Amino acid sequence: MNQELSPRFVSQLTRETVAVIMAGGRGARLRDLTELRAKPATPFGGKFRIIDFVLSNCVNSGIRRISVLTQYKAHSLIQHLQRGWGYLRGELGEFVQILPAQQQLGEMWYRGTADSVYQNLDVLLAGNPRYVLVLAGDHIYKMDYGPMLAHHAQTGADVTVGVISVPRQEATGFGVMTVDDDGCVIRFAEKPAEPEPMPDDPDLALASMGIYVFDAEFLRKRLTSDAEDGSSDHDFGKNIIPGAIDRDAVYAYAFRDVKTLAQYYWRDVGTVDAFFQANLELTAAMPELNLHDKSWPIWTYQEQLPPAKFVYDSDDCRGAAIDSLVSGGCIVSGASVSKSVLFSSVVVHRYSKLDQCVVLPGAEIGEHSDIRRAIIDENCVLPAGTVIGRDREADARRFHVTDDGVALVCPHMLTG
């Protein structure tokens, strides 16, 4: 095996890396789901939070110096990190540290993604890392960052950007890149109205995943220069990456299988419809995102809860769940649940039917309810006889209904 590709070489790179997770965004496109919580703290997949996926990627990759930058309504996020991610060994130089916005360099809060890192540079570089891995805290995927770090080191890059192929019509919401035959980025456009297609497939565009590897000293210089530029938006996608292309070595790293070239699972759950669909995908017999993969566990904090319980067994009142995820503490009491995700401590009462629903922790569904294609937010209590998903106009008068017809139900919508 080539020494540069050996596990020893990769593990050395991960030990020399500090990860920075940007978790301060509101996620306004998730509507009321982020009214009281930051997007990375939003529950996902039955028992996890969105941020658990990127944190697990770091730990499973051998990167155990992790800083989380918070800002918007961060209480539940900070609480989750303190409860679930405090097990790393500080005496071994391991940590998950929380860096809230605190006006460290004057009177300004974070002005952009790059500025959020700049304002914490002294803390981030205190351990003299060789590389800084900058990550978004609001995407769902499983990724070993080791090979990306190795690619960065082998190419001699100043910056390496993780990329995926997306349908061209969807690429308007991403940073879109053009690369040469060696993978060097030659053009970068942030959320372009007309994304440049990939040369080998005009229907696809090469999009940034919001994952960047920087040489630590290079990052310090670039962020310091950007902070002094009054015309800058102080954003990685708008300023730092485009500004580096003409003068520095910027390379793309494709998130795909090296042998088959198949693209790995990655989801931006930034809209209500995307959040709904990504959760329901997990109910498939063999979902693309395998949460049962023991070689790459997703770590989280969870309460100590009793097993899920299904009670009553008569023809008209049978507690059952089919093609569904049902978490600890749930009680399905003489109700029918189909192709749904029930988070922790959900109670579904007798004679009710749930079909294609995502029900967040602590929600309660009253008896004789009929709920279809809905997201029920945390701690909602739906009264007996509630009907959702049968009359779109009636649903829209009470709840938020998406373009795809998914009803989002939150506690404040049930009062009055």
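It should be emphasised that the depicted structure is a prediction, and the values quoted were computed from it without experimental measurement.
Taking the ring pair (Phe, Tyr, Trp, His ring centres under 6.0 Å) definition, one finds that Tyr264 meets it with Phe255, sequence neighbours left out. Residues forming a side chain to side chain contact (heavy atoms under 4.5 Å, CB included) with Arg220 (at least two apart in sequence, or on another chain): Leu121, Leu125, Glu217, Thr224. Remark: His400 engages no residue in a ring pair (Phe, Tyr, Trp, His ring centres under 6.0 Å) (not counting sequence neighbours).
A side-chain donor-acceptor contact under 3.5 Å links Trp296 and Asn57. Judged purely by distance below 3.5 Å, without hydrogens or angles, the side chains of Glu364 and His349 pair a donor atom with an acceptor atom. Looking at Asp404 and Thr402, their side chains never bring a donor and an acceptor atom within 3.5 Å of each other. Remark: the Asp229 side chain and the His234 side chain contain no N/O donor-acceptor pair separated by less than 3.5 Å. A donor-acceptor pair shorter than 3.5 Å cannot be found between the side chains of Asp273 and Gln277.
With hydrogens and angles disregarded, a donor-acceptor distance shorter than 3.5 Å links the side chain of Ser352 to the backbone of Gly366.
No more than 12 heavy-atom neighbours from other residues, nucleotides or ligands sit within 6.0 angstrom of CD on Glu393. Heavy-atom contacts from other residues, nucleotides or ligands closer than 6.0 Å to NZ of Lys353 number 12 or fewer. Around atom CG of Asp246, no more than 12 heavy atoms belonging to other residues, nucleotides or ligands sit under 6.0 Å away. Counting heavy atoms of neighbouring residues, nucleotides and ligands inside a 6.0 Å radius, atom NZ of Lys238 does not exceed 12 of them. Applying the 6.0 Å contact sphere to CH2 of Trp299 captures no more than 12 heavy atoms from other residues, nucleotides or ligands.
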Without placing hydrogens or testing angles, list every side-chain donor-acceptor pair under 3.5 Å for residues 74-86, not counting sequence neighbours.
{"unit_1": "His80", "atom_1": "NE2", "unit_2": "Asp52", "atom_2": "OD1", "d": "2.8"}
{"unit_1": "His80", "atom_1": "NE2", "unit_2": "Asp52", "atom_2": "OD2", "d": "3.3"}
{"unit_1": "Trp85", "atom_1": "NE1", "unit_2": "Asp52", "atom_2": "OD1", "d": "3.0"}

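To the nearest 0.5 angstrom, Leu219 atom CG is 5.5 Å from Phe214 atom CZ. In this structure, CG in Asp268 is found 11.5 Å from OH in Tyr141, a value given to the nearest 0.5 Å.
Applying the side chain to side chain donor-acceptor pair (under 3.5 Å) test to every pair with at least one member in residues 173-185, sequence neighbours left out, gives these pairs: Thr178-Glu196. Sorted by first and then second residue, the side chain to side chain donor-acceptor pair (under 3.5 Å) pairs with a member in residues 204-215 read His152-Asp215; sequence neighbours excluded.
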Report the C-alpha distance between Lys39 and Asp138 in whole Å, list the side-chain angles of each, state the deciding distance to 0.1 Å, and finish with yes or no for salt bridge (Lys or Arg N to Asp or Glu O under 4.0 Å).
CA-CA 6 Å; Lys39 180 182 174 184; Asp138 54 2; 3.4 Å; yes
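Contact check on Asp395 versus Arg373 returns no salt bridge, with no Lys/Arg side-chain nitrogen under 4.0 Å from an Asp/Glu carboxylate oxygen.
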